[in-house]
Amino acid sequence: MRVGVFICHCGNNIAGTVDVARVAAEARKMPGVVFATNYMYTCSEPGQNEIKDTIKQENLDRVVVAACSPRMHELTFRRTVQKAGLNRYFFEMANIREHVSWIGENKDLNTNKAIEAVKIAVEKVKKNKPLIASSFKINKRVLVIGGGVAGMQAALDCADGGLEVVLVEKSPSVGGMMARLDKTFPTVDCSICILGPKMVDVSQHENIKLLAYSEIEEIKGYVGNYQVKVRKKATYVDWEKCTGCGECVEKCPSREAYDHFNFGVAPARAINIPFPQAIPKKATIDPTYCRQFVKGKCGVCAKMCPAGAINYDMKDEIVTEDVGAIIVASGYGLISLDRLPEYGGGRYPDVISGIQYERILNASGPTSGHIIRPSDHTEPKTIVFVACAGSRDKSIGIPYCSNFCCMYIAKQAILTKDHVPDSQSYVFYMDIRSPGKGYDEFTRRAQEEYGVQYIRGRVSRIYPKAGKMVVKGVDTLLGRQVEVEADLVVLGTAVTAAAGAAELAEKLHISYDQHKFYVESHPKLRPVETNTSGVFLAGACQGPKDIPASVGQGSAAAAKVLSLFSRDMLESDPQVASVNTNVCVGCRKCIGTCPFSAIEEQQLRDGRTVAHVIETVCAGCGVCNTTCPCGAIQLQHFTDNQLLAEVNALCLS
Amino acid sequence: MSVVADKELRIVGFLCNWCSYGGADTAGVARFKQPTDLRIIRVPCSGRVNPLFVVKALLSGADGVLVSGCHPRDCHYSDGNYYARRRLENLKRLLPFLGIDERRFHYTWVSASEGARWQQVVTDFTRRLHELGPLHPKPGVAQAVE
């Protein structure tokens with residue numbers, strides 16, 4: 001066995017707190033090691049060339065690189081050794097940066113730790129076996145979860161690229177949050193005017209299959225071959241027949257339903273079409289309010305419907321879609337006003353959220369675009385906006401910035417002045433965050449052209465007094481208390497992960513952070529990929545994002561899928577379980593424990609029944625390996641012998 | 001926080017690739033300082049950790065063993081960590097019968113984004129072991145009083 005060890009300085013990242021020369025010197029003494037050296041940047045081209053040259057000169061058959069995390073560069077170096085003619089699994093990495101040099105202060109202890117990390121890797125690599133990937137066919141269909149602007153962009157780009165797309169949207173119409181907006185910053189473009197054509201494209205594109213009012217039930221499989229069960233929720237209206245005429249909505253006697261699309265600004269009917277541009281433009285019955293369901297009799301809509309589309313007996317339907325990749329664009333949520341009691345959130349009708357105000361401003365909204373306040377339907381003259389209502393507030397568990405509130409508040413203040421010329425707007429803010437193109441100019445315009453009063457400081461309390469809302473706060477620039485008697489208060493409520501984000505992540509086997517936003521593969525370099533291959537992210541499910549960023553990510557995720565699907569076959573990871581049929585006693589324990597149903601029974605010629613691993617289905621977790629009572633089933637590259645070699649390297653010395 | 005070289009204890013950590021190994025990386029990237037005793041073995045899933053690996057480590061020289069995986073319900077492999085939890089909980093109860101203080105073994109969950117939590121886990125577990133002292137006293141090193 002001829003092991004070569006390459007220690008990386010990583011500039012000063014490792015060499016600063018680890019004596020790399022000593023690590024190399026100690027490595028040379030390890031049994032089986034015939035060569036050890038240290039280099040400034042092993043991952044650089046000359047660094048990789050040195051590995052390749054040394055493999056040839058020293059006739060190495062195993063390589064260890066001690067550098068950063070294998071999650072960073074394992075793939076890089078596997079390719080390097082492969083190029084030099086070695087099997088790519090004759091390689092191990094010792095993590096002496098993230099796990100050593102960056103976290104320990106004592107150079108001696110760090111060096112010692114690095115030496116041992118190399119020792120573990122050397123002992124492991126000596127037990128490594130050559131593994132060869134097999135290839136399998138890809139199903140070139142893609143599932144997009146979420147029909148907001150990010151998901152629609154992703155779906156359209158994939159569909160234009162010739163892929164079949166299944167777009168699943170949980171609400172009755174695509175459009176997402178952007179469809180609710182009146183105008184967009186910083187151009188003050190009409191939101192639905194630019195989104196509407198995209199929505200129509202989605203519904204008419206021959207490659208896109210839209211499943212609206214549907215949710216993901218279950219996801220099985222792996223990159224290239226996912227089986228997805230989708231629950232088509234009962235709408236109680238046969239969408240094949242519904243023409244979207246709106247007759248039923250008009251006549252529905254149940255007029256106190258919660259309007260999800262308008263965020264409860266005004267009540268809706270129990271049978272409803274969310275908005276005029278809805279795609280698909282079909283009615284849906286909300287059974288929590290519908291009299292037919294609540295009281296057991298009504299049937300008005302069934303009588304009125306000219307198409308005979310109403311069906312009170314409709315049940316949820318489960319459909320299965322086979323796809324090869326998944327783009328998650330499930331969007332975001334907003335904190336409820338109840339969580340802001342100091343601002344009277346949820347208690348006073350004239351304290352509303354930014355998205356509710358957006359619906360009030362919108363011409364197709366419940367007030368037809370006339371600014372009236374909810375309590376007495378009068379036109380407000382003094383409007384106070386409170387930025388960071390919940391955002392950047394550790395006390396309610398939201399330490400992050402919600403990204404776009406500063407900008408939409410400036411936009412809403414400008415629109416307010418347009419609608420009500422004799423109005424005065426005030427904005428309480430912590431900092432104005434306007435880093436986008438044309439964004440800062442826009443907030444300046446709100447202040448300079450539209451006379452919006454920006455007050456830097458926080459609001460302490462909002463309470464009603466004689467038909468007005470008194471906003472008490474501080475102006476930290478003038479260093480004094482301020483009090484504004486407002487007609488209407490708009491809170492820039494904090495952005496949260498979408499409801500059910502964690503449950504969806506668990507179905508997808510992707511990770512989420514403490515705020516339930518999804519975690520990308522790498523925060524800088526792989527922003528739309530996840531650690532589950534074949535699953536990509538787009539938009540605000542990964543963190544608060546404005547429209548251009550979401551659209552950009554939608555396109556990026558689609559590009560990733562298109563490049564993944566540019567081949568017909570994918571290479572499977574050979575780090576899967578494998579059965580030694582001579583040792584297997586056929587107890588079937590592994591079959592029961594495998595989370596992926598990747599193990600089946602196999603009849604041998606001599607009549608014995610043994611376990612058999614379906615390689616393309618095995619995900620490589622190794623649960624079976626630990627279950628097997630006789631060690632017959634071994635996870636390749638992480639066998640008992642390999643892991644025990646690492647334990648022994650640490651403990652027996 | 002670091003201990004003197006000759007008093008460093010032997011702590012072996014089995015970390016799942018997807019969550020805890022990533023969490024340890026995140027802690028490193030954020031430069032969250034930690035005691036240097038821990039040595040990490042990467043496994044694909046906490047469900048790959050055979051309890052006998054832990055016993056083997058403790059009997060052959062380790063003073064403590066830490067296993068860390070993905071949070072329950074967040075396993076990259078659906079439910080590998082549920083298997084781990086069941087096996088390792090049993091192991092914890094078995095250790096006293098082998099004459100090993102069960103406090104020398106700890107299993108927990110750290111996600112890839114929880115760098116600060118990883119720092120806390122390592123710091124607390126290392127401190128706990130230093131209070132317990134070495135399991136395998138080495139010549140010339142004073143043993144801590146249990």
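The model shown is predicted, which means the values in this text are computed figures rather than measured ones. Note on naming: letters A, B, ... go to the chains in the order of the sequence lines (proteins, then strands), and numbering restarts at 1 for each one.
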Kindly determine whether A/Glu116 and B/Arg10 satisfy salt bridge (Lys or Arg N to Asp or Glu O under 4.0 Å), including the steps that lead there. CA-CA 11 Å; A/Glu116 292 194 347; B/Arg10 173 69 3 141; 2.7 Å; yes
Given the rule in the salt bridge (Lys or Arg N to Asp or Glu O under 4.0 Å) test, do A/Lys127 and A/Asp640 qualify, once you have shown the distances and angles that lead to the verdict? CA-CA 10 Å; A/Lys127 301 269 184 201; A/Asp640 288 343; over 6 Å; no
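Contacts of B/Leu59 with chain A are absent, with no heavy-atom separation under 4.5 Å from either backbone or side chain. When heavy atoms are compared at a cutoff of 4.5 Å, B/Phe32 approaches chain A solely by way of its backbone atoms N, CA, C and O. With a 4.5 Å cut-off on non-hydrogen atoms, A/Leu508 does not touch chain B at all. Heavy atoms closer than 4.5 Å to chain B are found in the side chain of A/Leu635, but not in its backbone. Heavy-atom distances place both the backbone and the side chain of A/Leu650 under 4.5 Å from chain B. For B/Val49, the part lying near chain A is the backbone, with the side chain staying farther off; criterion is any non-hydrogen pair under 4.5 Å. Of the two parts of A/Ala117, neither the backbone nor the side chain holds a non-hydrogen atom closer than 4.5 Å to a non-hydrogen atom of chain B. Heavy atoms closer than 4.5 Å to chain A are found in the backbone of B/Ala27, but not in its side chain.
Side-chain N or O atoms of B/Ser60 include none that pairs as donor or acceptor with a backbone N or O of A/Cys651 at under 3.5 Å.
Each of A/Gly104, A/Ala619, A/Cys624 has some count of heavy-atom pairs under 4.5 Å with chain B, and the biggest count is that of A/Ala619. The choice from A/Val519, A/Ile120, A/Thr532, A/Asn110 that makes the most heavy-atom pairs within less than 4.5 Å of chain B is A/Thr532. Of all the listed residues (B/Pro44, B/Ser113, B/Cys16, B/Ala24), the one sharing the greatest number of non-hydrogen pairs under 4.5 Å with chain A is B/Pro44. Of the residues considered (B/Gly22, B/Pro51, B/Ala84), B/Gly22 shows the highest number of contacts with chain A, using heavy-atom pairs under 4.5 Å. When the candidates A/Val623, A/Leu644, A/Val100, A/Val647 are compared by the number of heavy-atom contacts under 4.5 Å with chain B, A/Val623 comes out ahead. Most heavy-atom pairs under 4.5 Å with chain B, from the set A/Cys68, A/Ala502, A/Pro70: that is A/Pro70. Ranked by non-hydrogen atom pairs under 4.5 Å with chain A, the options B/Arg48, B/Arg39, B/Arg87 are led by B/Arg48.
Note: A/Tyr518 OH to A/Tyr512 OH = 9.5 Å, rounded to the nearest 0.5 Å.
Checking A/Thr639 against A/Gln642 by side-chain atom types alone, a donor-acceptor pair falls below 3.5 Å. In this model, a donor atom of one side chain and an acceptor atom of the other lie less than 3.5 Å apart for B/Glu8 and B/Thr36. Using modelled atom types, one finds a donor on one side chain and an acceptor on the other under 3.5 Å when comparing A/Asn95 with B/Asp25.
Of residues 68-82 of chain B, those residues lying under 4.5 Å from chain A by any heavy-atom pair are B/Arg73, B/Asp74, B/Cys75, B/His76, B/Tyr77, B/Ser78, B/Asp79, B/Gly80.
With salt bridges taken as basic N to acidic carboxylate O contacts below 4.0 Å, one links B/Arg42 and A/Glu74. A salt bridge does not link A/Glu123 to A/Lys119: none of the charged nitrogens lies less than 4.0 Å from a carboxylate oxygen. Ion pairing between a basic and an acidic side chain is recognised when a charged N comes within 4.0 Å of a carboxylate O; B/Lys92 and B/Glu102 show no such pairing. No salt bridge links B/Arg85 with B/Glu89; every basic N to acidic carboxylate O contact stays at or beyond 4.0 Å. Salt bridge status for A/Lys229 with A/Glu218: present, with a side-chain N to carboxylate O gap under 4.0 Å.
Every residue meeting the side-chain contact (heavy atoms from CB on, under 4.5 Å) condition with A/Ser521, not counting sequence neighbours, appears here in chain and number order: A/Arg526, A/Glu529, A/Asn531.
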